[in-house]
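Here is the structure we will look at.
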Amino acid sequence: MQAALLLAPLDGWTWDPYDALGSFHHPLRRLLRQLLSTAAMNRRYTLDVAAPLLRTQSYVDGRWVSAASEFPVVDPCTGQEIVRVSNCGPGDARTAVVAAYEAFQSWKQTTAKVRSQLLRRWFDLLVLHQEDLAKLITFECGKPMREAVGEILYSASFLEWFSEEARRVDGDIIASPFKDRKILFLKQPVGVATIITPWNFPSAMITRKVGAALAAGCTVVVKPAEDTPLSALALAELAEQAGIPPGVFNVVPCSRENTPTVGEVLCTDPLVAKISFTGSTATGKLLLKMAADTVKKASMELGGHAPFIVFDSADVDKAVGGAMASKFRNSGQTCVCSNRFLVQSSIHDRFVEKLHKAMEAELRMGHGSEPDTTQGPLINSRAAEKVISDAVSQGAKVLTGGRRLEGSFVEPTLLTDVTTNMLCMKEETFGPLVPVVRFNTEDEAVAIANASNMGLAGYFFSQDVRQIWRVAEALEVGMVGINEGLLSTPEALFGGIKQSGLGAEGSKYGINEYLEVKYVCFGGLAP
């Protein structure tokens with residue numbers, strides 16, 4: 001409204017506030033962005049979802065349970081409180097672990113077909129309620145509604161995938177060197193798994209882990225991120241509707257203050273056999289140390305610092321499209337977002353110019369419930385602001401963006417003249433920042449890309465087949481996107497190397513994280 005009034009004298013044509021300002025001077029475009037983010041902060045938005053899906057109590061042993069205290073869930077766009085949720089403590093976490101352990105004794109005996117059918121029912125319910133579930137994500141996480149719907153369908157796809165994988169857990173019969181005995185390998189569920197998930201994919205990070213665990217015959221205790229417990233509790237409601245037995249799926253939300261003590265129970269309790277965590281590398285290391293005393297099986301999906309390389313043989317338009325998809329999903333707040341953009345000198349200027357135009361034309365900041373919004377607030381806007389300031393202080397040039405706006409918004413930012421000694425090239429940045437480094441040779445690009453202790457994902461664009469094979473094998477990452485900016489699908493493995501984690505999620509390999517292989521020697525079979 002304010003922006004429209006400012007431009008009222010420029011009458012006589014139909015305009016899009018961002019596209020129209022592309023031809024105006026930079027300060028006015030910035031002013032419009034600031035006004036729109038301010039409007040998003042000041043307007044009141046109401047979360048309107050079906051009552052059964054908006055749960056505020058913990059879910060333990062098939063019952064909704066209140067804790068001794070509550071903590072607020074806040075809309076990160078406006079700062080307004082949405083609801084208050086049960087604030088579980090270590091005693092509540094222990095109760096949930098015991099419930100999961102007792103349920104495991106019967107759940108592991110269910111047939112693969114029954115587990116498959118229950119997961120499929122759960123999948124169907126997520127698809128049926130996708131719009132309401134997406135609203136929960138938008139309000140507690142800030143993700144634009146279109147992306148939130150996409151996350152729910154992605155989340156549901158893991159339940160569908162693992163409902164099918166449940167019936168493919170096969171052992172082996174090995175040719176024995178002895179006539180009087182048989183050699184068999186059995187696959188059995190490990191037991192109770194504790195699932196600790198992040199805020200940026202509050203539904204999909206749960207189902208990617210839980211789908212595999214339940215398919216294998218394990219039971220789980222989920223601790224969702226303190227910022228986004230509503231999605232986890234809605235999943236519990238639908239699990240109950242799907243017929244998942246009591247104690248098989250438990251959710252213990254808690255505040256940031258209670259997280260250390262609750263996390264300690266989930267990582268050290270002797271009844272827990274397995275932990276699965278997605279989050280920062282620093283936190284993952286702490287959890288591994290806690291789990292070490294009882295030698296728990298662990299899988300860790302930790303930080304990333306993905307390179308995005310554009311070689312001179314690349315289709316530049318496709319590279320720009322890949323960069324937009326890879327960088328700006330969830331406002332740049334995903335572990336596989338491209339963080340370091342390396343562009344070969346001969347096409348550097350052309351790529352930067354086209355990317356600049358795409359950013360100006362396609363990106364819209366605002367509340368996620370607004371239909372045109374593509375960029376929501378950041379969970380840690382000060383961190384993004386810090387790396388931008390560091391780069392500029394060392395000579396980087398800001399082509400667009402560069403500022404933190406009101407609340408938790410940061411302008412989508414394009415930096416050139418970036419060098420490898422800047423913070424943005426050393427640390428993972430959760431935010432809409434594109435730092436572009438110019439390189440000359442393939443070896444130089446690969447060396448820069450691999451100069452990180454992280455190794456989750458990497459991307460590059462090239463039309464040289466020999467180069468494609470060389471670089472795909474040379475990149476020190478667990479996942480490589482070639483001429484593609486989006487990698488994730490339930491059929492594909494998700495996991496990193498170096499300090500980006502341990503183990504794999506998704507694909508036919510994901511279920512193995514929740515299985516033990518037992519060797520059985522069956523003797524006394526002489527004829």
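The basis for the numbers below is simple: all heavy atoms, side chains too, and nothing from hydrogens, waters or symmetry mates.
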[X] side, atom [atom1]; [Y] side, atom [atom2] - distance, nearest 0.5 Å:
X    : Y    : atom1 : atom2 : answer
L433 : E385 : CG    : CD    : 12.0 Å
T374 : R364 : OG1   : CZ    : 7.0 Å
N440 : H348 : CG    : NE2   : 11.0 Å
T281 : Q499 : OG1   : CD    : 6.5 Å
C335 : E428 : SG    : CD    : 7.0 Å
W122 : S155 : CH2   : OG    : 8.0 Å

*Show your reasoning for whether side-chain hydrogen bond (donor to acceptor under 3.5 Å, both in side chains) applies to E491 and T489.*
CA-CA 5 Å; E491 293 83 1; T489 179; 2.4 Å; yes
Give me the atom names and distance for the closest heavy-atom approach of [X] to [Y].
X    : Y    : result
A156 : F123 : O-CD1, 3.1 Å
A204 : Y154 : CB-CD2, 3.6 Å
A234 : L136 : CB-CD1, 3.6 Å
S369 : T138 : N-CG2, 3.6 Å
L159 : G211 : CD2-CA, 4.1 Å
G376 : F409 : C-CE2, 3.7 Å

*Going by the angle between their ring planes, with limits at 30° and 60°, are F158 and F162 parallel, tilted or perpendicular?*
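It falls in the parallel class, under 30°.
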Could you check whether [Y] and [X], counting side-chain N and O atoms only, form a donor-acceptor pair closer than 3.5 Å?
X    : Y    : answer
T400 : E360 : yes
S331 : Q333 : no
N200 : T334 : no
S231 : S203 : no
N421 : T419 : yes
E370 : Y45  : yes

*Evaluate the criterion salt bridge (Lys or Arg N to Asp or Glu O under 4.0 Å) for residue pair D390 and K386; output intermediate values, then yes/no.*
CA-CA 6 Å; D390 170 79; K386 178 188 74 172; over 6 Å; no
Does a side-chain heavy-atom distance below 4.5 Å link [X] with [Y]?
X    : Y    : result
L415 : V398 : yes
L287 : M300 : yes
S345 : F439 : no
T413 : M359 : no
V437 : V418 : yes
I275 : I196 : no
L230 : V83  : yes
V410 : I388 : yes

*Does the pair E427 and H305 meet the rule for a side chain to side chain contact (heavy atoms under 4.5 Å, CB included), with working shown?*
CA-CA 7 Å; E427 299 179 0; H305 195 29; 5.6 Å; no
*Do the ring centers of Y509 and F494 come within less than 6.0 Å of each other?*
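Here the rings of F494 and Y509 have centres that are no less than 6.0 Å from each other.
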*Looking at the rings of H367 and F139, which for Trp means the six-membered one, are their centres under 6.0 Å apart?*
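Yes, the ring of H367 comes within the 6.0 Å limit of the ring of F139, centre to centre.
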In a table with atom names and distances, give each donor-acceptor pair under 3.5 Å that connects a side chain of residues 455-463 to protein atoms at least two apart or in another chain.
unit_1: Y459; atom_1: OH; unit_2: V336; atom_2: O; d: 2.5
unit_1: S462; atom_1: OG; unit_2: S313; atom_2: OG; d: 3.1
unit_1: S462; atom_1: OG; unit_2: D464; atom_2: N; d: 3.1
unit_1: S462; atom_1: OG; unit_2: Q467; atom_2: OE1; d: 2.6
unit_1: Q463; atom_1: NE2; unit_2: S313; atom_2: O; d: 2.9

*Does K498 NZ have over 12 foreign heavy atoms under 6.0 Å away?*
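Correct, the count exceeds 12.
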*Does a sphere of radius 6.0 Å around CD in E131 hold more than 12 heavy atoms from other residues, nucleotides or ligands, not counting ones at 6.0 Å or beyond?*
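No, not enclosed.
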*Going through the checks in order, is the salt bridge (Lys or Arg N to Asp or Glu O under 4.0 Å) test met by R168 and E165?*
CA-CA 5 Å; R168 302 186 189 122; E165 287 298 289; 2.3 Å; yes
Donor-acceptor pair, distance only, cut-off 3.5 Å: does the side chain of [X] make one with the backbone of [Y]?
X    : Y    : result
Q130 : I152 : no
N450 : A474 : yes
N339 : T429 : yes

_Any residue meeting ring pair (Phe, Tyr, Trp, His ring centres under 6.0 Å) with W161, in chain and number order, not counting sequence neighbours_ =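 Listed in chain order: nothing, the list is empty.
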*Taking the six-membered ring of F201 (Phe, Tyr or Trp), confirm whether the NZ or CZ of K143 is under 6.0 Å from its centre and within 45° of its axis.*
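Yes, cation above the ring, under 6.0 Å and within 45°.
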*Evaluate the criterion side chain to side chain contact (heavy atoms under 4.5 Å, CB included) for residue pair S276 and E505; output intermediate values, then yes/no.*
CA-CA 10 Å; S276 179; E505 295 185 342; 3.5 Å; yes
_One pair to check against salt bridge (Lys or Arg N to Asp or Glu O under 4.0 Å): E442 and R466. What are the steps and the verdict?_
CA-CA 12 Å; E442 178 185 312; R466 289 176 297 178; over 6 Å; no
*Candidate pair V85 and L233, rule side chain to side chain contact (heavy atoms under 4.5 Å, CB included), full reasoning*: CA-CA 10 Å; V85 170; L233 296 171; 4.1 Å; yes
*Cationic N near anionic O, under 4.0 Å, E513 to K274*: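 Salt bridge: yes.
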_salt bridge (Lys or Arg N to Asp or Glu O under 4.0 Å) between R438 and D349, intermediate numbers included_ = CA-CA 9 Å; R438 187 191 299 261; D349 293 349; 3.4 Å; yes
*Does the side chain to side chain contact (heavy atoms under 4.5 Å, CB included) test come out yes or no for L288 and L502, once each step is laid out?*
CA-CA 10 Å; L288 283 171; L502 303 168; 4.1 Å; yes
